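Both counts, for ligands and for their atoms, begin at 1 and track the order of listing. Just so it is clear, the model here is predicted, and its values are computed rather than measured.
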Amino acid sequence: MTHHDETPDLDAAGVVDRLRSTFATGRTKPTAWRRTQLEALRTLLVENSDELTAALRSDLGKGLKEGYRTEVGFTINEIDHTLEHLDTWLAPRPAALPDKLLPAQAYVVRDPLGVVLVIAPWNYPLQLALTPVVGALAAGNCVVVKPSELAPATSAAMARLLPRYLDTEAVAVVEGAIPETTALLEQHFDHIFYTGNGAVGRIVMTAAAKHLTPVTLELGGKSPVVLDQDADLAAAAQRIVFGKFLNAGQTCVAPDYVLAIGDTAKAVEPHLASAVHELYGADPAASAEYGRIVNERHFDRLTGLLDSGRTVTGGTHDRATRYLAPTVLADVSPDSAVMKEEIFGPVLPIVSVPDLDAAIAFINDRDKPLALYAFTASDDTKQRLLTETSSGALTFGIPVAHLTAPELPFGGVGESGMGRYHGEYSIDTFSHSKAVLDKPLA
Ligand code: NAD
C-alpha cells in the first residue's frame with residue numbers, strides 16, 4: 001500500500017462491497033456472532049498485550065504501564081462491560097401507548113446500521129480505534145477501521161492482528177494516510193465515526209453528506225480547569241498534573257489550562273511544580289512513565305508556545321528524542337499563543353481571573369470544551385458551572401477520569417464534536433432505534 005501517492009493502491013469500493021455482502025447475509029445480526037467477535041477481540045488484547053504496549057511505546061514513548069492501563073486494559077474493560085450488559089441492551093423495549101391506540105403493542109428494537117467506518121487518531125491509537133469497534137460489533141455491524149498513520153507501529157499491529165482473531169468477512173483494517181482515507185470517504189457507509197481534529201472533522205462530515213451518512217465526530221479543543229479559592233490546592237495540583245501530563249499531554253480531555261480565580265494563580269504554582277516532581281522525579285526525561293511528542297511537527301509547534309508565560313517548572317526539551325519536559329507557565333495572557341489553540345502537549349498555562357463570574361464568562365466566550373473541570377468546595381459554584389456553561393463533560397475534583405466510567409456518555413458539543421459513545425451509548429450510536437407498532441385488525 002502506498003502512503004504518499006495521490007492515487008492509493010487501495011480498492012476502497014471492493015473492501016466496502018465485500019463487507020456489505022456479508023451484512024446482507026444477516027451473519028452479523030445474531031447476538032451469538034456479536035459475542036464471539038467481542039470475545040475474540042478480548043483474546044487478541046490479552047494474548048498480544050506485550051506486543052501492543054511495545055508498539056505504543058515505539059509510537060509515543062508511552063510507559064508500558066500507562067499503555068496497558070489507558071489503551072489495552074481500557075478496551076478490555078469496555079468489552080467486559082459490553083458483554084455483561086449486551087442482552088439487556090439488545091432486548092426490545094416495550095413502549096406505552098396512548099389509550100386511543102389500544103389494543104396494541106409497541107416496542108423499540110435496535111437495528112444494526114450496516115457497514116460503518118471508524119477513523120482513529122494517533123494519540124491513543126489503539127483504544128480510540130478499538131473502543132468504537134467494540135460498539136460497532138456489539139450493535140451487529142460490519143466495520144472498516146482506519147488507524148492513524150502517525151502511530152505506524154500500532155497501526156501495523158492492528159492490521160496484522162485483527163484479521164487473525166476477527167471475522168475477516170465483517171471487519172477490515174485499512175492502513176494509510178490522507179489518500180487512503182479520502183478513498184474510503186468516497187464510499188457509502190451507514191455511519192462514520194471519526195476521532196481527531198475539527199478541520200478533518202469538517203472534511204469527514206462533508207464527504208458523509210453526499211451519502212446522507214450520519215457521523216459521530218469526537219473532536220478536541222481547550223478543556224479548562226477552574227480553580228476556586230476554597231479548593232485544596234495541593235490535592236488539586238496532584239490531580240491536574242496527573243491528567244495533564246499523561247501521554248505527555250497528548251490527550252483529548254487533558255486539562256488544557258488552569259483558570260485560576262483570585263490569588264490561587266500564584267498560590268498553586270509551587271504545588272504544581274512539586275506535583276510534577278513527585279510524579280516524574282527530578283528528571284522526567286529519565287522517567288519510564290513519561291511519554292514523548294508524537295513527531296517533529298508537533299514538537300516544534302509546542303516549543304513555540306513556551307514563551308507565552310513565565311516558566312514555573314519544566315521548559316527543557318530535546319528535539320532528537322522529542323522530549324518536552326512537563327511545563328507549567330504562569331502569568332499567561334489570554335491573548336498569548338498558548339491560549340489560541342488546543343495545546344495537545346505537556347504545557348500547562350495558568351490564566352488568572354478575578355472571580356467566578358469572570359471564569360464563566362471566559363469559558364462561554366470560547367468554543368464549547370470537550371471537558372470542563374473544576375476544583376471547588378462550594379456547592380453554589382458547582383451549581384453555577386453546571387447550569388451556566390456547556391461542555392462535553394463536567395467533572396469536579398478529578399480531570400480525565402470520567403471517560404473510564406462506561407455508563408457515562410463520552411463526546412463533545414459544538415466545536416468539541418457531536419454524538420457520544422462508550423457502553424450503551426455506543427449501541428445507540430451504531431444502531432437505529434426502530435419503532436414497532438402491532439395492532440390487531442379486529
Ligand atoms: P490524526 O492526525 O491522526 O488524524 C485523525 C485521522 O484523520 C487519521 O486517521 C488521519 O489519517 C485522518 N486524516 C488526517 N487528515 C485527513 C484528511 N485531510 N482527510 C481525511 N482524513 C484525514 O489525529 P489528530 O487530528 O491530530 O488528533 C488530534 C486531535 O484529535 C486533537 O484535536 C484531539 O483533541 C482530538 N481527539 C479527540 C478525541 C475524542 O475522543 N474526542 C480523542 C483523541 C483526540
Side-chain angles (χ1 to χ4, degrees), residues 1 3-4 6 8 10 12 59-60 70-71 74 78 117-132 135 144-152 154-155 158-159 173-187 189 192-208 215-223 244 246-256 293-295 297-299 301-302 341-345 367-371 391-393 400 402-404 408-422 425-426 429:
M1 185 182 303
H3 282 208
H4 306 289
E6 284 306 305
L10 160 73
D59 287 333
L60 289 147
T70 62
E71 304 233 33
F74 183 100
E78 180 75 12
L117 172 63
V118 172
I119 305 175
W122 52 265
N123 63 328
Y124 289 82
L126 185 84
Q127 192 239 109
L128 293 173
L130 296 186
T131 306
V144 178
V145 197
K146 212 302 286 176
S148 176
E149 71 280 13
L150 299 183
T154 311
S155 175
M158 286 193 285
V173 181
V174 173
E175 288 193 85
I178 296 177
E180 289 78 8
T181 316
T182 305
L184 284 171
L185 285 172
E186 282 161 11
Q187 311 308 313
F189 288 94
I192 300 177
F193 189 104
Y194 169 79
T195 304
N197 66 76
V200 177
R202 284 164 169 80
I203 294 174
V204 169
M205 199 168 171
T206 304
V215 294
T216 302
L217 301 179
E218 296 283 344
L219 310 178
K222 293 179 89 64
S223 296
K244 176 71 189 190
L246 187 73
N247 201 25
Q250 301 163 113
T251 301
C252 55
V253 289
D256 189 90
I293 306 308
V294 63
N295 59 25
R297 184 172 67 81
H298 281 284
F299 179 86
R301 178 182 65 78
L302 288 163
E341 55 178 85
E342 177 182 6
I343 299 167
F344 220 55
D367 291 338
K368 292 180 180 178
L370 184 56
S391 54
V400 182
H402 59 287
L403 84 160
T404 65
L408 285 177
F410 183 67
V413 56
E415 282 288 325
S416 56
M418 61 183 71
R420 59 208 63 76
Y421 74 130
H422 286 179
Y425 293 94
S426 292
T429 289

ask   = Using a distance-only test with no angle check, is there a side-chain donor-acceptor pair under 3.5 angstrom linking Asp256 and Ser223?
value = no

query = Which one of Asp256, Val294, Thr251, Ile203 has a non-hydrogen atom at the shortest distance from atom 18 (N) of ligand 1?
reply = Ile203

query = Can you tell if the side chain of Trp122 reaches within under 4.5 Å of the side chain of Asn295, non-hydrogen atoms only?
reply = no

query = At what distance is the nearest protein heavy atom to atom 33 (C) of ligand 1, and which residue and atom is it?
reply = Phe344 CE1, 3.3 Å

query = Taking atom types as modelled and ignoring hydrogens, do the side chains of Tyr124 and Thr251 form a donor-acceptor contact shorter than 3.5 angstrom?
reply = yes

message = I want to know if ligand 1 touches Gly196 in the polar sense, i.e. an N/O pair below 3.5 angstrom.
response = yes

Min side-chain heavy-atom separation Thr181-Ile119 under 4.5 Å = yes

ask   = How about Tyr421 and Pro409: do any of their side-chain heavy atoms sit closer than 4.5 Å?
value = no

query = Any N or O on Tyr421 sitting closer than 3.5 Å to an N or O of ligand 1?
reply = no

Numbered atoms of ligand 1 (with element) below 4.0 Å of Thr195, judged on heavy atoms = 5 (C), 37 (C), 38 (C), 39 (C), 40 (O), 42 (C), 43 (C)

ask   = How many angstroms lie between CG in Leu408 and CG in Leu403, if you round to the nearest 0.5 Å?
value = 9.5 Å

inquiry  = Is there a polar contact, in the sense of an N or O pair closer than 3.5 Å, between Leu185 and ligand 1?
reply    = no

remark   = OG1 (Thr70) and CG (Leu126) are apart, to the nearest 0.5 Å, by 9.0 Å

inquiry  = In the structure I gave you, are the side-chain heavy atoms of Val413 and Met418 within less than 4.5 Å of one another anywhere?
reply    = no

query = Going by distance only, is there an N or O of Glu342 that falls short of 3.5 Å from an N or O of ligand 1?
reply = yes

key: Leu150: numbered ligand 1 atoms lying under 4.0 Å from its heavy atoms   = 2 (O)

request  = Only heavy atoms count here, so choose which of Cys252, Ala120, Ser148 is nearest to atom 6 (C) of ligand 1.
outcome  = Ala120

ask   = Which atoms of ligand 1 are found less than 4.0 Å from any heavy atom of Thr181?
value = 11 (O), 20 (C), 21 (N)

query = Can you list the ligand 1 atoms lying under 4.0 Å from a non-hydrogen atom of Ile178?
reply = 15 (N), 16 (C), 17 (C), 18 (N)

ask   = Would one find an N or O of Glu149, backbone or side chain, under 3.5 Å from an N or O of ligand 1?
value = yes

inquiry  = Distance under 4.0 Å to a non-hydrogen atom of Leu370: what atoms of ligand 1 satisfy this?
reply    = 41 (N)

query = How far apart are the closest heavy atoms of Gly419 and Glu218, and which atoms are they?
reply = O-OE2, 4.0 Å

message = For ligand 1, which is the ligand I care about here, please tell me if Trp122 has any N or O atom under 3.5 Å from one of the ligand's N or O atoms.
response = yes

remark   = The closest protein heavy-atom partner of atom 25 (O) of ligand 1 is Asn197 ND2, 2.5 Å

query = For ligand 1, which atoms sit closer than 4.0 Å to a heavy atom of Leu219?
reply = 37 (C), 38 (C), 39 (C), 41 (N)

key: For Ile119, atoms of ligand 1 separated by under 4.0 Å from a heavy atom   = 6 (C), 7 (O), 9 (O)

message = Return the closest protein heavy atom for atom 7 (O) of ligand 1 as residue, atom name and distance.
response = Tyr194 CE1, 3.3 Å

inquiry  = I'd like to know if Glu415 pairs up with Arg202 as an ion pair, taking the criterion as any Lys NZ or Arg NE/NH1/NH2 lying under 4.0 Å from an Asp or Glu carboxylate oxygen.
reply    = yes

request  = Can you pull out the closest protein heavy atom to atom 40 (O) of ligand 1? Residue, atom name and distance to 0.1 Å, please.
outcome  = Phe410 CE2, 3.2 Å

query = In the protein, which heavy atom is nearest to atom 14 (C) of ligand 1, and how far is it?
reply = Val200 CG2, 3.8 Å

ask   = Are side-chain heavy atoms of His402 and Phe410 found at a separation under 4.5 Å?
value = yes

request  = With heavy atoms only and a cut-off of under 4.0 Å, state how Asn123 meets ligand 1: side chain, backbone, both or neither.
outcome  = side chain

inquiry  = One thing to verify: whether Lys146 and Glu175 come together as a salt bridge, which I'm taking to mean a side-chain N less than 4.0 angstrom from a carboxylate O.
reply    = no

query = Mind checking whether His422 and Glu78 have side chains closer than 4.5 Å, heavy atoms only?
reply = yes

task = Considering the heavy atoms of Leu128, write down every atom of ligand 1 situated less than 4.0 Å from one of them.
result = 42 (C), 43 (C)

request  = Say whether Ser416, considering both its backbone and side-chain N or O atoms, lies within less than 3.5 Å of an N or O atom on ligand 1.
outcome  = no

query = Do Val215 and Phe193 have side-chain heavy atoms sitting under 4.5 Å apart?
reply = no

inquiry  = Check contact between Tyr124 and ligand 1, using heavy atoms of the residue and a distance below 4.0 angstrom.
reply    = no

